[in-house]
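Just so you know, these numbers come straight off a predicted model, no measurement behind them. First the proteins, then the strands, lettered A, B, ... as listed; each starts at 1.
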Amino acid sequence: MPVARPETSDSRVIAHVDMDCFYVQVEQRQQPNLRGQPTAVVQYNSWKGGGLIAVSYEARKFGVKRNIPWFSSSMRGDEAKQVCPQIQLVQVPVARGKADLSIYRDAGSEVVSILARKGRCERASIDEVYLDLTDAAQTMLAENPPESLEVTNEEVLKSHVLGLSLDAGDVKEKVREWLHRSDADQRDKLLACGAHIVAKLRLQVLKETEFSCSAGIAHNKMLAKLASGMNKPAQQIVVPFSSVMGLLQPLPIKKMKQLGGKLGTSLQIDLGANTVGDLLQFSEAKLQDHYGLNTGTWLWNIARGINGDEVEGRLLPKSHGSGKTFPGPRALKTIASVSIFS
DNA sequence: TACAACGGCCGC
DNA sequence: TGCGGCCGT
């Protein structure tokens, strides 16, 4: 059996790119008069003004909230009008009697085609992309490391660095310091390169598509995804190794991807674990007893910020036309998450 | 409170 | 392989 790389020394560079209120941005590009205005995209407007599926940040200031209409309704078009009378409501196109999201899917493809210039892309949803920048970051570190850059892209200096103390002094200067440290851990240097690359990519996306996005840069998909949502819109954040436990420890268990449902509830009720940090006290065997080998190991790992999931390289949201089936992306995933014990 | 969705993933 | 449960959008 080949020796597996311990996940605890994971030095990949993974970005999670999250488009900002994407459906709204797509409509605002089409109708520039909507830019800067409180705007929401609704589908099925016949019942109480339609369900909100995207809300601009201007509208959010008025308390307009996104709503998953087919799931415990909270706010619909009529209600949005009440709290924000000037809100612009745009309807999702309808084809064959159903909401047709294809214009948004196509707009997402524009973004992916730009991101894919720098690394392997996985479309996680209509408006979210994972990007594996390991190779690009290693190349940059070898050939053009941040510490030797003569001119630094201003955008990367707007990055957030999780755990960086910002009590006093010039924030931008502290970020510059962190990004350009020559004595940093090698893994942090790779993340710094990732931050530079992502900053440029986000500018390029803005230039070519007019869409803004937010991003998280970390050593695995789980952490990158957690981070990308922390500062929206139009911002990015890096998660250094040293900040991982501080991020996870107080995090409510239900906020973790895959733990928002019944499994998360069971962890709270059956194990009394309300934060990710609470999971640390349970042995792997104990978690496996409760939830099976795979899930138990997965839980033990994520509590420690370990996640071996690969960026899969799916550029298209659906697999139509290719009759080709391949054996097992699943097997790989299982091996990755168990490998630290071998 | 359901009402009007859909795709990916997983285990059986 | 197909189906149902689960999960997130």
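- Of the C1' atoms belonging to C:dT9 and B:dA4, the separation is 16 Å, rounded to the nearest Å.
- The distance from atom CD of A:Gln43 to atom P of B:dA4 is 13 Å, rounded to the nearest whole Å.
- OP1 or OP2 of C:dT9 has not a single side-chain nitrogen or oxygen of A:Lys257 nearer than 4.0 Å.
- Under the 3.5 Å distance criterion, with hydrogens and angles disregarded, a donor-acceptor pair is assigned to the side chains of A:Glu58 and A:Ser56.
- No hydrogens or angles considered: a donor-acceptor pair under 3.5 Å links the side chains of A:Ser214 and A:Asp20.
- If you measure from atom NZ of A:Lys65 to atom P of C:dT9, you get 18 Å, rounded to the nearest angstrom.
- The CG atom of A:Leu299 lies 6.0 Å from the CG atom of A:Leu259; values are rounded to the nearest 0.5 Å.
- Between the OH atom of A:Tyr291 and the P atom of C:dC6 there is a distance of 14 Å, given to the nearest Å.
- The gap from the P atom of B:dC3 to that of C:dG5 amounts to 16 Å, rounded to the nearest Å.
- Using a 4.0 Å heavy-atom cutoff across all strands shown, A:Leu293 reaches no nucleic acid atom at all.
- For the pair A:Met222 CE and C:dG8 C1', the interatomic distance rounds to 17 Å; values are reported in whole Å.
- By the 6.0 Å contact criterion, NZ on A:Lys118 is open, its count of non-hydrogen atoms from other residues, nucleotides or ligands being 12 or less.
- Contact check of residues 16-28 of chain A against DNA chain C (heavy atom, cut-off under 4.0 Å) returns no residues at all.
- Atom CZ of A:Arg105 is separated from atom C1' of B:dG7 by 9 Å (rounded to the nearest Å).
- The side chain of A:Asn294 places no N or O atom within less than 4.0 Å of a non-bridging phosphate oxygen (OP1 or OP2) of B:dC10.
- Each of A:Gln25, A:Glu210, A:Gln28 was checked for a side-chain hydrogen bond (donor to acceptor under 3.5 Å, both in side chains) with A:Arg35, and the lone residue meeting it is A:Glu210.
- Of the side-chain N and O atoms in A:Lys262, none sit less than 4.0 angstrom from OP1 or OP2 of B:dC10.
- In this structure, OH of A:Tyr130 is placed 11 Å from C1' of C:dG8, rounded to the nearest angstrom.
- Between the P atom of C:dG8 and the NZ atom of A:Lys255 lies a distance of 13 Å, rounded to the nearest Å.
- Taking every heavy atom of both residues into account, A:Val90 and A:Leu34 meet most closely at CG2-CD1, 3.7 Å.
- For A:Tyr104 and B:dA5, the OH to P distance is 18 Å, given to the nearest whole Å.
- Cation-pi contact between A:Arg176 and A:Trp178: absent, since separation from the ring centre below 6.0 Å together with deviation from the ring axis within 45° is not met.
- Across all strands shown, A:Leu101 has no heavy atoms under 4.0 Å from either base or sugar-phosphate atoms.
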